[in-house]
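Each chain gets a letter, A, B and so on, in the order the sequences are listed, and its residues count up from 1. These values consider heavy atoms only, across backbone and side chains, with no hydrogens, waters or symmetry-generated copies. None of these values were measured; they are calculated from a predicted model.
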Amino acid sequence: MENLNQEKIFIGVSWPYASGKLHLGHLAGQNIACDIFARYHRQKGNSVLMVSGSDSHGTPIVFKAEELGITPEQLVDSSHKEILETFEKLSLLYEKYTSTTTQNHKEVVQNIFLVLKELGYLYPQKSKQYYDEKVKKFLPDRYVRGTCPECGALDARGDECPVCGKFLKPTDLIDPYSTLSDSKPILKETEHYYLDLKKLEKPIGDWMDTQSKHWRKWVREFSKGWIKEGLEPREVTRDMKYGIPVPIKGWEEKVIYVWIEAVVGYLSASIEWAKSIGQESKWEDFWKDPKCKHYYFIAGGNVPFHTIIWPAQLLAYSEKYSNDSLWDKYKLPGESKRESLNLPWDVPANKMLLYKGKKMSKSDNTGMSVDSLLEKYSPDLIRFFFVRNAPENHDREFNEKDFIDCNNNELVANIGNFINRSLSFVNSKFNNKVPQGQLDLDVKESIESIFKEVGKYIEGCEFVKATEAILKLGNFANKYFNDKAPWISFKDNLSECENTIYNSIQLVNALRILLKPFIPQSIFTLTTLLNIENEYDANIELTETGKVSKSENNWVFVPLNPSHIINDPKILFAKIEEKEL
RNA sequence: CGCGGGGUAGAGCAGUGGCAGCUCGUCAGGCUCAUAACCUGAAGGUCGUUGGUUCGAAUCCAACCCCCGCAACCA
């Protein structure tokens with residue numbers, strides 16, 4: 001069925017920091033939800049561009065590499081590979097997953113830096129910062145420690161005192177020392193560029209007022225709070241060699257700060273994608289068509305970058321298009337249209353996944369790695385669990401008992417049980433042949449309304465509710481089967497029995513189509529069990545060929561014909577015994 | 001200390017002035033094609049605390065307690 005109302009959907013997914021493996025927070029935060037959203041839209045026949053990549057620059061990477069005795073490049077390379085492997089195991093599928101280390105990214109970042117500078121949004125300013133003479137480095141805030149001026153605690157960090165919670169500047173600390181060498185750092189003058197966010201406060205505030213109505217409440221309130229407090233100019237360069245050099249004469253020893261650099265990846269990865277499919281200007285379809293909606297899947301902590309700073313950069317940069325000399329001088333790769341860049345449509349950020357009451361993070365090792373979970377559980381269960389229990393509006397505690405309950409009560413007892421009892425019945429009583437029948441009115445209505453409901457929820461980024469709706473159909477299906485009692489009518493009213501089973505098989509097929517974006521691997525198996533051949537699937541085409549060639553709406557219920565022969569049933573989801581814990 | 005979110009049954013949550021609800025779990029009974037679902041019934045709450053407004057407060061107001069996140073790379 002050709003999709004006549006094809007929409008363009010751009011999806012930017014938060015760039016994982018390339019300093020180690022993925023942990024459960026990544027899954028709860030963004031990496032599962034984005035994939036379900038993308039798969040749904042591809043299935044619907046929409047044109048999707050989902051990009052992300054490994055955030056490969058920044059001070060922590062340099063320090064971690066030093067600690068491991070390798071170069072930052074080696075650390076970043078191995079992390080990038082590990083991330084890609086994990087994504088593949090979980091069937092997380094991007095149009096482009098790249099890294100901030102590419103030449104293309106560097107070009108785009110420097111282009112944006114220079115344009116913002118020419119437009120007067122970046123200006124240089126001198127300041128004094130702590131410098132460690134032993135290791136010959138300027139120190140990031142958290143690498144300076146000392147006594148808290150507020151409560152007297154020793155070992156307070158340069159950004160915050162862990163004892164009294166006071167927010168500090170490194171220069172507030174009494175008796176500061178460098179965590180890199182334990183020596184006393186000196187204050188040394190340095191010069192940096194600053195992004196003049198103050199100048200952008202009004203336009204960003206206005207944009208947010210009109211745009212944020214459909215955002216999650218907490219994302220909206222949080223972002224508006226930032227604007228209300230007032231935006232201050234922020235440093236955008238660093239005294240470091242590893243990273244993207246500041247493209248200005250005399251600044252060769254400095255790099256562009258990662259917080260302004262990494263978000264540019266959304267644009268540079270789109271440009272890289274366009275190149276890789278051999279259509280250099282294709283990215284403009286997604287970035288310059290005002291009808292293309294931009295969604296950013298991120299985790300809580302990154303909200304201000306995506307609702308304030310990145311939009312501010314885009315808004316400022318778009319002034320290039322009404323300036324003849326800048327337009328001539330600073331074209332992005334493949335750029336042909338003199339039209340401004342799209343701002344975020346929605347930023348469906350999730351809150352934190354907590355483990356034993358604390359947030360998971362790479363830095364303190366409380367986060368369980370995704371790999372350790374993959375050793376014990378199926379990728380589809382992991383996908384389903386993290387979208388079913390996503391911390392969309394509240395922080396959420398992770399525990400393995402809930403994980404097993406989700407498998408046993410929802411995937412096994414609800415969905416799996418219904419599929420199995422239906423297929424087994426066709427197998428044992430009808431020799432694998434779908435019996436004659438017609439769709440009952442209530443079955444038809446249930447299926448149609450659930451399709452609408454689930455679609456509406458996914459499009460509104462309410463994934464927990466989407467899973468609830470699907471489980472509701474599973475519940476309806478089980479009840480239908482039960483109420484109709486085909487095991488009784490088989491003995492005394494064969495045509496009624498046939499009709500019941502015909503309807504049950506249609507419900508199985510409806511669940512199959514609805515669950516495709518969520519648990520693709522199991523659904524692939526179910527498609528085989530139902531002996532459905534030659535069904536077009538945009539996500540499978542993208543997996544296999546790297547691109548989608550058709551625009552077909554397959555988010556529709558298609559009944560299976562009577563007399564269709566299915567294969568022998570097989571258990572789709574295995575029950576997990578609690579004692580295995 | 002600042003900003004934001006939260007505290008309702010064992011767990012997860014809904015509920016913005018009118019009998020405290022939903023999903024899952026627990027217990028008992030019925031039914032049984034199925035990895036067991038479905039039906040009926042039951043247990044389980046000081047709605048964080050205290051005070052106030054009101055005929056009436058989970059809901060509005062005030063003060064306080066507790067948990068989580070953020071402040072520039074920790075999703």
Protein-nucleic acid N or O pairs under 3.5 Å, nucleotides 26-36 of chain B:
from  : atom 1 : to     : atom 2 : distance (Å)
B/C33 : N3     : A/R421 : NE     : 3.1
B/C33 : N3     : A/R421 : NH2    : 2.5
B/C33 : N4     : A/R421 : NH2    : 2.3
B/C33 : N4     : A/N482 : OD1    : 3.0
B/A34 : O3'    : A/N420 : ND2    : 3.3
B/A34 : O2'    : A/N417 : OD1    : 2.9
B/A34 : O2'    : A/N420 : ND2    : 3.3
B/A34 : N1     : A/R421 : NH2    : 3.0
B/A34 : N3     : A/N417 : OD1    : 3.3
B/A34 : N3     : A/N417 : ND2    : 3.4
B/A34 : N3     : A/R421 : NE     : 3.1
B/U35 : N3     : A/F573 : O      : 2.9
B/U35 : O4     : A/L572 : N      : 3.2
B/A36 : O2'    : A/N417 : OD1    : 3.3
B/A36 : O2'    : A/N417 : ND2    : 3.1

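- The pair A/D35-A/R383 counts as a salt bridge, with a side-chain nitrogen and a carboxylate oxygen less than 4.0 angstrom apart.
- Of the two residues near RNA chain B, A/P391 and A/E235, the one whose nearest nucleotide lies more 5' is A/E235.
- In this structure, A/N409 atom CG and B/G25 atom P are separated by 4 Å, rounded to whole Å.
- Ring orientation note: the planes of A/Y296 and A/H306 are tilted relative to one another, at an angle of 30° to 60°.
- A salt bridge links A/E232 to A/K198: at least one charged side-chain nitrogen sits closer than 4.0 Å to a carboxylate oxygen.
- Per the geometry, CG belonging to A/N302 stands 10 Å off C1' belonging to B/A72, to the nearest Å.
- One can place CH2 of A/W310 at 17 Å from C1' of B/C73, the figure rounded to the nearest angstrom.
- Proximity of A/Y257 to the phosphate of B/C73: a side-chain N or O atom is located under 4.0 Å from OP1 or OP2.
- In this structure, A/F305 places its CZ atom 11 Å from P of B/C70, rounding to the nearest Å.
- Within the 4.5 Å cutoff, side-chain heavy atoms of A/P311 are placed close to those of A/I204.
- As rounded to whole Å, 14 Å separates atom P of B/G4 from atom CH2 of A/W218.
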Pairs under 3.5 Å (N/O, protein and nucleotides 20-23 of chain B):
none

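- When heavy atoms are screened at a 4.0 angstrom cut-off, A/I309 is found touching base atoms of the nucleic acid.
- The distance from atom CG of A/N414 to atom P of B/G25 is 10 Å, rounded to the nearest whole Å.
- In this entry the distance linking CD1 of A/I415 with P of B/A37 reads 13 Å, nearest Å.
- Distance check: A/N509 CG to A/L526 CG gives 8.0 Å after rounding to the nearest 0.5 Å.
- As judged by a 4.0 angstrom heavy-atom cut-off over every strand, A/N475 is placed among residues touching the sugar-phosphate backbone only.
- With respect to the salt-bridge test (charged N to carboxylate O, under 4.0 angstrom), the residues A/D209 and A/K224 qualify.
- Contact annotation: the side chain of A/S99 never approaches that of A/H105 to less than 4.5 Å [non-hydrogen atoms, C-beta and beyond].
- Rounded to an integer number of Å, the gap from CD of A/Q30 to C1' of B/A75 is 5 Å.
- To the nearest whole angstrom, the two P atoms, one in B/U59 and one in B/U8, are 14 Å apart.
- By the neighbour-count criterion of 12 heavy atoms within 6.0 Å, atom CG of A/D492 is densely surrounded, having more than that number from other residues, nucleotides or ligands.
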